[in-house]
Amino acid sequence: MTQPSTVRVVLTHVGLILISAIVLYPVLWVLGMALTDSQAFSMNPNPIPTEPTLANFAAVMGTEDAHGGWLFGRQLLNSLIVAGCTSLVGISLATTAGYAMSRWSFPGRDAGLRVFLITQMFPGVVMAIPLYILLDELGLLDSLLGLSFVYATTAIPFCTWNMKGYFDTIPIELEEAARMDGASRWTTFWQIVLPLSKPALVVTGLFSFMTAWNEFILAATFMNDERAFTLPVVLQSYVGDYNTEWGRFAAGAVLVSIPVMALFFALQKHLVAGLTAGSVKG
Amino acid sequence: MSRLLAIPALLFALFWGTSAGAQAVELTLWHAYRGQERTTLERLLTQYDNAHPEITVVSRAIPYDGYITKLEAAIPRGNGPDLFIAAHERLSDWARMELVQPTATDPKNTAKGLHLSTLRALLVDKTIYGLPLAYKCLALFYDPSRIPNPPQTTDELLAFARQHSGPTQYGLAYSATEPYFHAPWMHGFGGGVFKDDTVSLDNSGNRESLRFAKELLDEGLIPDEPTAALVTQLFNEGSTPMVINGPWFLGEIDPGTEFAVAPLPRVTATGKHAAPYITVEAIQVSPLSAQAPDAWALARWLVAKEQALVRAMEGRQNVATLAAVEDARVSQDPVLSAFASQLEHAIPLPNRSEMGKTWEPMARAIRRVMRGAITPADALRQAQNEYSVLARPPPPKADPLPWIIIVVFTILALMKGAYDWARKHRQEIVAWRHAYTWILPATVAMAVLVIAPFTVGAAVSLLAHNNGEWTFVGWSNFLDILFARDWPLSSPLSFWFTLAVTMLWTGANVVLHVSLGMALAMVLRAPWLRMRGVYRVLLILPWAIPNYITALIWKGMFHRQFGAINGVLGWLGVEPVSWFSQFSTAFTANLVTNTWLGFPFMMVVTLGALQAIPQDLEEAAAIDGANRWQRFRHVVWPLLRPALLPAVILGSIWTFNMFNIIYLVSAGEPDGSTEILISEAYRWAFTRGHRYGYAAAYAVLIFGVLVVYGRITDRILARKTT
């Protein structure tokens, strides 16, 4: 595309900086609270701490379990395992289902799509106790695997719809050609369609990851052992009946968001790459 | 099947290691303590564990937020602990639900030597449940450099407060709009919640107490919109010399800030003490505990003098054991002894389930009076009315038989329908069988983990839960809600009012999220833009940070006096806005917060979808002379729409059920008018006397509304594409 005028470039940057500032202000506040050695909720409009200290980070990260093991490390690992499993399960179930729903007009397809959508309409309030009973019966209570399954199913509808929407934009001719050459459905899907779907896979994966990464109510209900807690549960344990340890909560919130930002930074190159479109469409 | 399940269980056991030998008695104890209270308790438990080789004590610290739900879910299913520590607030329900054991079952029944007020808190129908470990109540925190002698009467309190009030100075600060914090005045003026065991809110004592609180505000002696965060901030900054708060406040006072604690003053007009509520943290034994005698022994040991002293001195708990309170170490501790003398003039928080239904009407009455919207007498009369609706006895028992017949018949009809459908499409189904195998895993997972639990949860809507008891009531919950039996349609408590607000909320949010997200995505994909990656990462920050804290930061930013937003408005010459006293502004505050949180998702989805749109198409259009808007409208949009549509539909569904923002930012203010359906359901389930059946009916109705919405969007889509 042609190079835009300097004025437009400058105006765009000014606009973006302004929006970023509005977006960042509350975030800086969290950071300010995390870096202040106080457990009070700051009402101070200036988010820059006067005497920055890492005490809250040290307190959050330095927790130990009964055997002197590094508790925070273990909980971080739990979170990564759960979010990772959720993405993996979510993507594999959603891409296959999404592909089938995009490519084949089998009887019941539209109803199936609608049912997937409808499940998103279930308000979570009424689900916690029945899910507890269900996981108890399946013996998956207090297990990271059970938690991942629950998260993955909450993410599947969006993921399926998202993947289907993307597959719809990929022309079918390529696959037909491959099938003519004798490739199986699975090979076509695996070797032709999936590599073309990177941007959608990235969004889908990121979404499932986030679903699992930030959830705490179900995790707190299903997990008993502190060593099986995920980070959001740890974070929530700084909130008490009467008051909250805001400094630690803020430090925890910053720590929880770092992996997401890192992930996004790493993946956004795939969002930019634009490798699919040009080559396929003409 | 069981072998299949054994694999994850085995892996799990290997991963986490198994605990304890077979012979030893294992006692599990759950608590929600934090900080020094927690470390002290755990140290004591380890000590007990070491002293009793035959006993292993396993303690579990559980986040407060899910604690009660977890107790109520786990104990009846036998997954609960042997002992748990909890506030006594819901004790009468728990006694009925059989979550707790009477203290009389303790083989060495030792309720003696414990403070009478704390035992009274644990009394349900003449039976004591559990043993009181500690108590919490409000008291007066003051700055001894400015208040040399704490006020003995409210007249003295007013005099001191006037002396120390100024433009940015407040003589006194406390969460004046919370009924729990207002209660001492109520009791001091001779009022209260119960009269002869029935709830009676409209009495002269309560009216006087409201008038008193309103005067404090009107004279500028206490701050406006006094949230807990603001109270702490004012005290730490030295902007207020007196604060009414509980023992938890000790952890929020900045190190180096001088303070002392004293009991609350007497009310001059009546000569009565301003008596706060006492909340007792009791150790309870589960009725399902297989080793109850051992559990009771541990409970007794924890309340015994030596351990109580350790909890008091190291855990800084206000203990209920008399021998420990009389010990010099506690009685000479300025803070602990101040709370101990407050305990002599405090009232055990009633543990009856009626109490739970008074908080919301009382909070509303206090807020109305403080806003100057209404007189104390009218406010209390309305509060009493609201209470009587919340406390209305559950609908009459219905006969479940017709329902069972209907359910069986429906299942049969569904099976028949499925069979007929399958027969009709037999050949196609066989031809497409590979397609079914592709969708099978996702479908099975959804059926088991989403649809089944929801069906069970939805079935609860046919029941009514009141005071720990369940009855089958059929349609009643739905009829009550839909025909707004208890309120006029225009009341914020009516389903239809809330539905209208929810729809407005959803529409406004989706429009803002999509337009903002899409606009930013369009800008951020321009290849000539430098630092695209940096902007992209900065702009997804709201999505990445847990919204529990950012929502509260936004609430702080909307504070009338101290909020950053009124600060900016003032700088622009606009009068400060009292955001949460009007529907329109409170709604805007929620909307701004949720837009801040919600646009990054739409931005990311659009960025992903834009990748499927070749830029050379746009370039071709540009060469043909199309302007930027035309290129967007005719080239980008048609290609973007199909990919964006699911995100928009799902986004609107999520917004429809976006509980956190409403609950944390406006909290329904003013008068519950900014509540949405899901936050109403939550209130029915948890803050209005645990009406689970009614809440489930709300959930089913939310589902119904969304299904209708889904049908409508389907129609619109079908029309547009043909």
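Below, read A as the first sequence line, B as the second, and so on, with proteins coming before strands; counting in each chain starts at 1. The figures here come from the full heavy-atom set of this structure, side chains too, leaving out hydrogens, waters and symmetry mates. Keep in mind it's a predicted model, so treat the numbers as computed, not measured.
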Participant: Checking Val707(B) against chain A: side chain, backbone, both or neither under 4.5 Å from a heavy atom?
Facilitator: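 Contact with chain A: backbone and side chain both.
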Participant: To the nearest 0.5 Å, how far apart are CD1 in Ile649(B) and OH in Tyr709(B)?
Facilitator: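 OH of Tyr709(B) is found 6.5 Å from CD1 of Ile649(B).
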Participant: Counting only heavy atoms closer than 4.5 Å, note whether Ile540(B) contacts chain A via side chain, backbone, both or neither.
Facilitator: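 For Ile540(B), side-chain heavy atoms alone lie under 4.5 Å from chain A.
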Participant: Report which part of Leu552(B) has an atom under 4.5 Å of a heavy atom belonging to chain A: side chain, backbone, both, or neither.
Facilitator: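 Both parts, heavy atoms under 4.5 Å.
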Participant: What part of Tyr535(B) is in contact with chain A, defined as an atom under 4.5 angstrom from a non-hydrogen atom: side chain, backbone, both or neither?
Facilitator: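 For Tyr535(B), side-chain heavy atoms alone lie under 4.5 Å from chain A.
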Participant: Check each atom of Asn214(A) against the heavy atoms of chain B and say whether the ones under 4.5 Å are side chain, backbone, both or neither.
Facilitator: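 The side chain, not the backbone.
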Participant: Go through the atoms of Ala431(B) and report whether side chain, backbone, both or neither lie under 4.5 Å from a heavy atom of chain A.
Facilitator: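 Neither part.
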Participant: Side chains of Glu72(B) and Tyr692(B): any donor to acceptor distance under 3.5 Å?
Facilitator: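 The criterion, which ignores hydrogens and geometry beyond distance, is satisfied for Glu72(B) and Tyr692(B).
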Participant: Heavy-atom cut-off 4.5 Å, strictly under: side chain, backbone, both or neither for Leu131(A) against chain B?
Facilitator: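 For Leu131(A), the contact with chain B is made by backbone and side chain together.
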Participant: Which atoms of Phe601(B) are under 4.5 Å from chain A, going by heavy atoms: the side chain, the backbone, both sets, or neither?
Facilitator: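 Looking at Phe601(B), just its side chain touches chain A.
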Participant: With only heavy atoms counted, which part of Phe659(B) is less than 4.5 Å from chain A, the side chain, the backbone, both or neither?
Facilitator: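 Neither part.
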Participant: Between Ala32(B) and chain A, with a heavy-atom cut-off of 4.5 Å, which part of the residue counts as in contact: side chain, backbone, both or neither?
Facilitator: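 Answer is neither: Ala32(B) stays 4.5 Å or more from chain A.
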Participant: Give the minimum heavy-atom separation between Leu541(B) and Met261(A), together with the two atoms involved.
Facilitator: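 Shortest heavy-atom contact: CD2-SD, 3.0 Å.
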Participant: Can you tell me which portion of Arg109(A) sits under 4.5 Å from chain B's heavy atoms? Options are side chain, backbone, both or neither.
Facilitator: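 Contact with chain B is absent: no heavy atom of Arg109(A) under 4.5 Å.
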Participant: Can you tell which part of Trp543(B) gets under 4.5 Å to a heavy atom of chain A, answering side chain, backbone, both or neither?
Facilitator: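 Contact with chain A: backbone and side chain both.
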Participant: Checking Val89(A) against chain B: side chain, backbone, both or neither under 4.5 Å from a heavy atom?
Facilitator: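 Contact with chain B is absent: no heavy atom of Val89(A) under 4.5 Å.
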Participant: Would you check if there is a donor-acceptor pair between the side chains of Glu42(B) and Tyr33(B) at a distance under 3.5 Å?
Facilitator: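 No, because no side-chain N or O of Tyr33(B) sits under 3.5 Å from a partner of the opposite role on Glu42(B).
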Participant: Side chain, backbone, both or neither: which part of Tyr436(B) has a heavy atom under 4.5 Å from chain A?
Facilitator: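 Contact with chain A: side chain only.
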Participant: Tell me whether the rings of Trp104(A) and Tyr99(A) are parallel (<30°), tilted (30 to 60°) or perpendicular (>60°).
Facilitator: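 Because their plane-to-plane angle is over 60°, the rings of Trp104(A) and Tyr99(A) count as perpendicular.
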Participant: Considering only heavy atoms, which portion of Ile253(B) lies under 4.5 Å from any heavy atom of chain A: side chain, backbone, both, or neither?
Facilitator: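 Interface part for Ile253(B): neither.
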Participant: Do other residues, nucleotides or ligands put more than 12 heavy atoms under 6.0 Å from Arg77(B) CZ?
Facilitator: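 Atom CZ in Arg77(B) is packed in, count exceeds 12.
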Participant: Which atoms of Phe158(A) come close to chain B, meaning under 4.5 Å heavy atom to heavy atom: side chain ones, backbone ones, both, or neither?
Facilitator: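 Both parts, backbone and side chain.
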Participant: CG of Leu267(A) to CG of Leu201(A): how many Å apart, nearest 0.5 Å?
Facilitator: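 Separation between the atoms: 10.5 Å.
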Participant: Checking heavy atoms, do the side chain of Ile653(B), its backbone, both or neither come under 4.5 Å from chain A?
Facilitator: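 Side chain only.
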Participant: Check whether Ala228(B) gets within reach of chain A through its side chain, its backbone, both or neither, counting any heavy atom under 4.5 Å.
Facilitator: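 Neither; nothing under 4.5 Å.
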